[in-house]
Amino acid sequence: MIIGYTSGVYDLFHIGHLNLLRNAKNLCDKLIVAITTDEAALYKNKAPFIPQDERMEIVKAIKYVDEVVWQDDLDKIKAWEKYHYNKLFVGSDWKGSNKWINYEQELSKLGCEVVYLPYTQTTSSSIIQQTLKKFNNQI
């Protein structure tokens, strides 16, 4: 059985999130999705709009997702130690970064493949957040 794993904040759930989950599920038998806690999400220097419990409920309702867990530590090696996944799915926008090259090397030693899935260029949480901020400033 191929176990897949991906993680994210999944704030302001949009088509890019759905595309990633659909594509990931097509490449594994079981897909585990880790929801980044509100506290851990601060690494992006911005708090999520949607509270973590609600984000978890949204992702649980997606038919491509088999299991939802919390991510309170962003270390993918520690996540592998917990879940022993065979494939780690991440957006292609991370490909080639030092962080992810290191993960590729370390996880391959554990028999895990890092799979880069196409990043949806047209929609992102950051774009939605910027639009909401502009809209709120006009009110």
Side-chain angles (χ1 to χ4, degrees):
M1 179 195 292
I2 297 173
I3 300 172
Y5 177 90
T6 191
S7 62
V9 178
Y10 296 100
D11 195 23
L12 303 172
F13 196 90
H14 54 74
I15 193 66
H17 295 136
L18 186 62
N19 288 341
L20 185 125
L21 298 176
R22 179 189 306 114
N23 291 333
K25 180 59 179 176
N26 285 334
L27 298 172
C28 65
D29 300 305
K30 177 180 180 180
L31 180 59
I32 301 170
V33 179
I35 306 298
T36 307
T37 61
D38 288 345
E39 185 176 312
L42 294 177
Y43 79 95
K44 289 187 168 186
N45 295 321
K46 55 188 172 190
F49 278 83
I50 309 297
Q52 67 186 32
D53 292 336
E54 292 178 23
R55 291 184 281 118
M56 179 172 265
E57 285 303 310
I58 291 166
V59 174
K60 276 184 183 178
I62 306 299
K63 69 180 181 178
Y64 308 111
V65 176
D66 297 300
E67 183 178 350
V68 182
V69 298
W70 290 117
Q71 175 179 243
D72 54 10
D73 186 324
L74 303 178
D75 186 317
K76 304 308 181 214
I77 306 302
K78 288 181 182 176
W80 182 90
E81 290 168 355
K82 256 185 176 173
Y83 305 110
H84 299 283
Y85 47 83
N86 310 93
K87 294 186 180 203
L88 171 61
F89 300 107
V90 64
S92 60
D93 52 324
W94 290 104
K95 189 170 186 162
S97 70
N98 289 336
K99 175 181 175 178
W100 285 94
I101 290 170
N102 289 337
Y103 277 139
E104 287 175 36
Q105 293 168 351
E106 292 302 311
L107 287 168
S108 71
K109 295 175 191 173
L110 301 170
C112 179
E113 174 188 9
V114 175
V115 178
Y116 295 94
L117 297 173
Y119 178 76
T120 305
Q121 296 289 333
T122 57
T123 307
S124 76
S125 296
S126 296
I127 292 170
I128 295 170
Q129 288 172 349
Q130 290 169 3
T131 303
L132 285 172
K133 286 178 184 175
K134 286 179 186 175
F135 179 77
N136 285 336
N137 288 337
Q138 294 174 0
I139 295 176

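The basis for the numbers below is simple: all heavy atoms, side chains too, and nothing from hydrogens, waters or symmetry mates.
- Asp11 and Pro48 get closest at one heavy-atom pair: OD2-CA, 3.2 Å.
- A salt bridge does not link Lys78 with Glu81: none of the charged nitrogens is closer than 4.0 Å to a carboxylate oxygen.
- Under a hydrophobic-cluster definition in which Ile, Leu, Val, Met, Phe, Trp and Tyr are linked whenever side-chain heavy atoms come within less than 4.5 Å, directly or via other members, Leu110 and Tyr103 are assigned to the same cluster.
- Residue Ile32 is grouped with residue Ile77 when hydrophobic side chains (ILVMFWY) are merged at heavy-atom distances under 4.5 angstrom, including chains of intermediate members.
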Using the side chain to side chain contact (heavy atoms under 4.5 Å, CB included) rule, take Val90 and Leu117 through it: C-alpha gap first, then chi angles, then the decisive distance, then the call.
CA-CA 6 Å; Val90 64; Leu117 297 173; over 6 Å; no
Start with the C-alpha distance between Leu88 and Thr6, add both sets of side-chain angles, then the distance that settles side chain to side chain contact (heavy atoms under 4.5 Å, CB included), and finish with yes or no.
CA-CA 6 Å; Leu88 171 61; Thr6 191; 5.6 Å; no
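- Atom-to-atom distance recorded for Leu20:CG and Ile15:CD1 is 11.5 Å, nearest 0.5 angstrom.
- Of the possible polar contacts, none joining the Asn86 side chain to the Cys112 backbone as a donor-acceptor pair under 3.5 Å is found.
- Ion pairing between Asp66 and Lys30 fails under the 4.0 Å rule for side-chain N and carboxylate O.
- Using bins of under 30°, 30° to 60° and over 60° for the plane-to-plane angle, the ring pair His17/Phe13 lands in the tilted bin.
- Here the CD atom belonging to Glu113 is positioned 11.5 Å from the SG atom belonging to Cys28, to the nearest 0.5 angstrom.
- Counting heavy atoms from C-beta outward, Tyr116 and Asp93 have side chains that stay 4.5 Å or more apart.
- Minimum heavy-atom separation, Val59 to Ile35: CG2-CD1, 3.5 Å.
- Shown here for Tyr119 and Ser92, the closest heavy-atom pair between the two residues is N-OG, 3.0 Å.
- In this structure, the side chains of Val68 and Ile62 stay at 4.5 Å or more apart for every pair of heavy atoms.
- Between Ile3 and Asp29 there is no side-chain heavy-atom pair separated by less than 4.5 Å.
- If you chain together hydrophobic residues whose side chains sit under 4.5 Å apart, Ile2 and Tyr64 never meet in one group.
- Here the closest non-hydrogen pair linking Val9 and Ala41 is CG2-CB, 4.0 Å.
- Note that Lys99 lies in the cation-pi zone of Trp94, set by a 6.0 Å cut-off to the ring centre and a 45° limit from the axis.
- Side-chain contact annotation: Glu67 with Tyr5, donor-acceptor N/O pair under 3.5 Å absent.
- Residue Trp70 comes nearest to Thr37 through the heavy atom pair CE3-CG2, 3.9 Å, listed as atom of the first residue, atom of the second, then distance.
- Applying the 6.0 Å contact sphere to CG of Asp75 captures more than 12 heavy atoms from other residues, nucleotides or ligands.
- For the residue pair Asp72 and Ala40, the shortest heavy atom distance occurs at O-CB, 3.9 Å.
- The NZ atom of Lys25 sits 13.5 Å away from atom CG of Asn23, with the distance rounded to the nearest 0.5 Å.
- Using modelled atom types, one finds no donor on one side chain facing an acceptor on the other under 3.5 Å when comparing Arg55 with Tyr10.
- With hydrogens and angles left out, the side-chain atoms of Gln71 and Lys76 include a donor and acceptor closer than 3.5 Å.
- Panel note: side chain Thr36, backbone Gly8; a donor-acceptor pair is recorded below 3.5 Å.
- Tracing side-chain contacts under 4.5 Å through hydrophobic residues (I, L, V, M, F, W, Y), one reaches Leu18 starting from Met56; they form part of the same cluster.
- Separating the CG atom in Leu27 from the CZ atom in Arg22 is a distance of 12.5 Å, to the nearest 0.5 Å.
- For the pair Phe89 and Leu31, the minimum side-chain heavy-atom distance is below 4.5 Å.
- Two residues are said to be in side-chain contact when any heavy atoms from C-beta on lie closer than 4.5 Å; Val33 and Leu21 meet this criterion.
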